[in-house]
Amino acid sequence: MTDRNNHLNFDVYYGSKKLNCEASFTQNGQQWRVTQLQFYVHNIELQNNKGQWHAVSPSIAAKDHQKIALVGGVCGAQQQWQVNLKEMIALSDQQAIRFTLGVPFHLNHKNPLTQPSPLNQPDMFWTWQTGHKFLRLELESDNDSWLFHLGSTGCQSPAPVRPPESACKNPNRSQITLALPPQTSKKADSEASNSVPIKLDLKSLLSELDLTDSTSCQSSPDTKSCPVLLSKLGIEKAANGIDSSRVQTVFTVIQ
């Protein structure tokens with residue numbers, strides 16, 4: 001296969017049903033619509049068939065030096081579900097991919113007004129003290145609304161407009177590791193072979209919840225729904241915010 005630039009294609013599903021701004025899903029006897037779904041990914045790596053991991057970078061503008069990509073969008077506005085990679089790598093020689101969901105600490109608490117894209121989006125930021133919303137999911141039904149905003153908590157600083165000097169108590173970053181399916185020679189020659197199709201399954205994320213405004217979560221450990229949601233992403237209360245023994249169930253590679 002001739003090496004070519006690769007990209008990650010994220011698609012949102014509810015079980016086997018593919019979702020978009022027009023397609024709703026049923027839970028708790030109500031029809032729910034996604035109004036916003038966005039999330040940051042960074043530290044993208046591929047593992048070759050010899051078991052060696054190597055970093056790859058989002059192909060973004062030169063000023064976007066953070067190597068962070070913002071995926072998704074708001075219904076009724078521009079959306080971006082594809083992350084293009086700079087490197088030209090044969091995916092047929094790779095067996096896994098991993099990335100971190102979130103924003104690294106050294107960039108998470110800077111002034112978004114002076115940050116280059118994609119860290120300058122106001123609705124993906126809380127305060128300097130708390131930092132960015134790593135994932136923002138908002139749903140509506142005819143009778144209710146629900147949201148999940150993932151981000152760091154337990155961040156200590158003198159004031160909300162001051163960044164913390166040390167890591168937050170609950171970093172809430174999740175490293176997502178996904179096995180890549182074997183690629184046959186025929187598939188390796190196809191146009192689709194330079195794409196990694198990744199499924200984000202809302203049914204897996206939401207399955208244990210009764211969706212109402214009262215079960216919304218903004219990552220507080222004191223909100224009953226939050227530990228359930230975080231565990232689906234492989235996050236528990238740990239010093240580094242990543243629990244390698246807990247397997248996330250929300251992201252999978254589409255076979």
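Predicted model, so just to flag it, every value in this text is computed and none were measured. Just so it is clear, the values below take in all heavy atoms, side chains as well, and ignore hydrogens, waters and symmetry mates.
Between the side chain of Lys133 and the main chain of Phe148, no donor-acceptor pair closer than 3.5 Å is present. A side-chain donor-acceptor contact under 3.5 Å links Ser204 to the backbone of Thr249. The closest donor-acceptor contact from the side chain of His109 to the backbone of Gln129 lies under 3.5 Å. With hydrogens and angles ignored, the 3.5 Å screen pairs a side-chain donor or acceptor of Gln80 with a backbone N or O of Gln82. Asp213 contributes no side-chain N or O that, together with a main-chain N or O of Trp146, makes up a donor-acceptor pair within less than 3.5 Å. Checked by atom type and distance alone, the side chain of Asn172 never pairs as donor or acceptor with a backbone atom of Ile235 at under 3.5 Å. For the pair His149 (side chain) and Ser219 (backbone), a donor-acceptor distance under 3.5 Å is absent.
Applying the salt bridge (charged side-chain N to carboxylate O under 4.0 Å, His left out) test to residues at least two apart or on different chains, the pairs with a partner in residues 13-26 are Asp11-Lys18. Screening residues 112-154 for disulfide (SG to SG under 2.5 Å), with sequence neighbours left out, gives no hits. Here salt bridge (charged side-chain N to carboxylate O under 4.0 Å, His left out) pairs that include residues 104-131, with residues two or more places apart or in two chains, number zero.
In this view, Tyr13 satisfies the ring pair (Phe, Tyr, Trp, His ring centres under 6.0 Å) rule with no residue, not counting sequence neighbours. Applying the ring pair (Phe, Tyr, Trp, His ring centres under 6.0 Å) criterion to Phe99, with sequence neighbours excluded, gives Phe10, Phe251.
At a cut-off of 3.5 Å, with distance as the only test, no side-chain donor of Thr35 or Glu140 sits close to an acceptor on the other residue.
Shown here for Gly73 and Gln38, the closest heavy-atom pair between the two residues is N-CG, 3.1 Å. The shortest heavy-atom contact between His54 and Gln52 is CD2-O, 3.7 Å.
Cluster partners of Leu113, using a side-chain heavy-atom cutoff of under 4.5 Å among ILVMFWY residues and allowing indirect links: none.
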